[in-house]
Amino acid sequence: MTASRWSLRHHRLQAILAVASIGTAVALPVVLLSVGGGVSQHELAQLENSGYQLSISAGGLHGISGAHALVAQIDALPHVASASAVLSVAVDLFLPTGGVTPALAEGVMPGAFLATQGPTTAGLFPHPLPLGDPSDLAHYANGTYAGPPALDVLVASPFAQDFGFGVGATLGLGATTNRSAATPFTVTGTFGVPAQTLGPAAVFAIVLPLSDLQQLTGYARAGAGSGALLDQADTIEVALAGSAATSVAAISQVQQEVQGLAPFYGVSALTDQASELRASIGVLNGFYLALSSVSLTIGLLFLALVLLRRVEAERRTIGIRRALGLPGRQIALGLARDGLVLAAAGGAAGTVGGIAVVTGLARFGSGSVATAAGLALFDPLTLGLLLAGVLLLSLGASAVAARSALRGSIPEALR
């Protein structure tokens, strides 16, 4: 192999390595910004389309007591469209086939539950909920729980399909694995499961009236059901009516009124949560860029080394051009052009590679990794700004090489 051919091959190898280095450096922020941004926007969209504007919670296990009475007081407030208490408890479900499996039970007020759900979530359930009394007050019976229970239950459709039962089947529900103590419930419908969720998938989930679940699990009254009234729930979601649902002032006013009714509970507005989430998105993006700056710095240092090697290999040629009167700025512009070409090629390769990595994780990943990757957003503006930043920084690497090319004396270069 001749010296010129070896030099050309070595020149190409350096260019390929420079492109690969920049590409690897760019792929990391592409993955971080697209996945992180997509997950953040997903969470923000869930908040903004939740269907309710206020959430009441309390510390401890099922910390809200007197849930039915508190809901009635909140419903009487101006601007309130509906208030819905929710109790989440793990129960044992006895199947028609004789098996037993744990399930997450959600106790709800059937009518208010749908009224406080966003369009996406509400679309997963039948309308109206076939769970008996929509108000859940008949069984509650002013705190006596002496009224007729509905004993109806909705089951997640994947759950029903996996175990081979449907509408009309009888399921035993119990707080323990003792089958003889289980209460029979009739399956009156099924509901869907969101396609993408970052939390645990609600596959093994059931929905039943709040009062039925409270009595089943001992959160209705203390003792054996004859003691002090408990009427416990985990959260109460409050939806506002009309324009009040989008008015920050109206939401804040109702929040203060609800806090007055429940001074020992936490009352949070989703507008506040959304503002905090937007602020955290900016912080996370800054963290992603700071983390990516390490890889970008390494990639650009490698680009500077490649350009310096080119200057060293072509120092005699550069000296001849300078001796013939070629302005130094033209030599510097030539190096800047070479740096921009390599940086652009590397940036394009890194962008495509980052998108390919995220797409591969979404398609072939498992669990939460695939879910998070499936939520990724490839914002053209963000990717364009990232590429523009890489091109701008490449000028710094070119400037280092240009300084090396122009600072040497012409006679030494021609020797």
Side-chain angles (χ1 to χ4, degrees), residues 52 54-77 80 82-94 102-116 129 131-154 171-178 180-185 205-239 257-268:
Y52 60 94
L54 299 174
S55 177
I56 307 169
S57 60
L61 185 64
H62 318 302
I64 296 178
S65 298
H68 284 83
L70 182 56
V71 164
Q73 289 179 297
I74 295 172
D75 280 334
L77 293 175
V80 172
S82 184
S84 170
V86 179
L87 173 66
S88 300
V89 185
V91 299
D92 287 299
L93 190 151
F94 299 90
L104 175 63
E106 295 275 345
V108 303
M109 297 175 167
F113 175 74
L114 287 180
T116 54
L129 286 185
L131 293 176
D133 176 24
S135 67
D136 193 48
L137 294 177
H139 180 210
Y140 173 69
N142 295 319
T144 64
Y145 290 88
L151 299 181
D152 294 333
V153 63
L154 301 180
L171 303 176
L173 299 183
T176 67
T177 55
N178 183 3
S180 62
T183 301
F185 280 71
I206 58 176
V207 177
L208 62 156
L210 174 62
S211 57
D212 287 8
L213 182 60
Q214 288 174 325
Q215 192 167 45
L216 178 72
T217 55
Y219 295 112
R221 303 189 70 90
S226 58
L229 178 66
L230 298 177
D231 187 16
Q232 291 184 323
D234 293 304
T235 60
I236 296 178
E237 298 166 351
V238 182
E257 293 171 347
V258 172
Q259 190 69 78
L261 296 174
F264 303 110
Y265 298 155
V267 182
S268 59

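None of these values were measured; they are calculated from a predicted model.
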Asker: By side-chain contact (heavy atoms from CB on, under 4.5 Å), which residues pair with A83, not counting sequence neighbours?
Answerer: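 V71, I74, D75, I236, V238.
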Asker: So L229 and R221, do their side chains get closer than 4.5 Å, heavy atoms only?
Answerer: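 In short, these two side chains touch, coming nearer than 4.5 Å.
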Asker: With rounding to the nearest 0.5 angstrom, report the CG to CE distance, L129 to M109.
Answerer: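 L129 CG to M109 CE: 13.5 Å, rounded to 0.5 Å.
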Asker: Just jot down the side-chain hydrogen bond (donor to acceptor under 3.5 Å, both in side chains) partners of D231, sequence neighbours excluded, or say none.
Answerer: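 Expected list: H68, Y145, Q214.
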Asker: How far apart are the closest heavy atoms of H139 and G147, and which atoms are they?
Answerer: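 Residues H139 and G147, closest heavy atoms: CD2-O, 3.1 Å.
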Asker: Could you pull out all residues at least two apart from S135 that satisfy side-chain hydrogen bond (donor to acceptor under 3.5 Å, both in side chains)?
Answerer: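 If we apply the side-chain hydrogen bond (donor to acceptor under 3.5 Å, both in side chains) test to S135, skipping adjacent residues, the hits are D133.
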Asker: Return the set of residues passing side-chain hydrogen bond (donor to acceptor under 3.5 Å, both in side chains) with N178 (not counting sequence neighbours), or none when no residue passes.
Answerer: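 Counting only residues at least two positions away or on another chain, N178 forms a side-chain hydrogen bond (donor to acceptor under 3.5 Å, both in side chains) with S180.
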Asker: Measuring from H62:NE2 to D234:CG, what's the distance to the nearest 0.5 Å?
Answerer: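 The CG atom of D234 is 5.5 Å from NE2 of H62, to the nearest 0.5 Å.
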Asker: So, taking the atom named CG in L93 and the one named CG in L104, what distance separates them when rounded to the nearest 0.5 Å?
Answerer: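 Here the rounded value is 11.5 Å.
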Asker: Is a side-chain N or O of D136 found less than 3.5 angstrom from the main chain of P209, in a donor-acceptor match?
Answerer: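 Such a contact is absent between D136 side chain and P209 backbone.
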Asker: Taking only residues two or more places apart in sequence or in another chain, which ones pass ring pair (Phe, Tyr, Trp, His ring centres under 6.0 Å) with F185?
Answerer: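 F185 satisfies ring pair (Phe, Tyr, Trp, His ring centres under 6.0 Å) with no other residue.
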Asker: Mind listing the closest non-hydrogen atom pair of L131 and A150 along with its distance?
Answerer: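 Taking L131 first and A150 second, the nearest heavy atoms are O-CB, 3.6 Å.
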Asker: Minimum heavy-atom separation for A58 to Y265, with atom names?
Answerer: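 Taking every non-hydrogen atom into account, CB-CD2, 3.5 Å.
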Asker: Looking at residues at least two apart in the chain, or sitting in another chain, which of them share a side-chain hydrogen bond (donor to acceptor under 3.5 Å, both in side chains) with D152?
Answerer: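 Checked D152 against side-chain hydrogen bond (donor to acceptor under 3.5 Å, both in side chains); zero matches.
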Asker: Pick from D92, T217, L208, L151: which one makes a side-chain contact (heavy atoms from CB on, under 4.5 Å) with L173?
Answerer: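 Of D92, T217, L208, L151, side-chain contact (heavy atoms from CB on, under 4.5 Å) with L173 is met by L208 alone.
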Asker: To the nearest 0.5 Å, what is the distance between OG (S57) and CD1 (I64)?
Answerer: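 So the OG of S57 and the CD1 of I64 are separated by 6.5 Å.
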Asker: Looking at every non-hydrogen atom in both residues, tell me the closest pair between S84 and A112 and how far apart they are.
Answerer: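 Shortest heavy-atom separation between S84 and A112 comes out as CB-O, 3.6 Å.
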Asker: Quick one: pull up CG in D212 and OG1 in T183 and give me the separation to the nearest 0.5 Å.
Answerer: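 The CG atom of D212 sits 9.0 Å away from the OG1 atom of T183.
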Asker: Minimum heavy-atom separation for G107 to L213, with atom names?
Answerer: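 Here G107 and L213 meet closest at N-CD2, 3.3 Å.
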Asker: Would a distance-only check, ignoring hydrogens and angles, find a side-chain to backbone donor-acceptor pair under 3.5 Å from Q259 to A262?
Answerer: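 Side chain of Q259 to backbone of A262, a donor-acceptor pair under 3.5 Å: yes, one is there.
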Asker: State, to 0.1 Å, how close P148 and A138 come at their nearest heavy-atom pair, and which atoms those are.
Answerer: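 Of all heavy-atom pairs spanning P148 and A138, the closest is CD-O, 4.1 Å.
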Asker: Would S55 and E237 count as having a side-chain donor-acceptor pair, cut-off 3.5 Å?
Answerer: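 Short answer, no.
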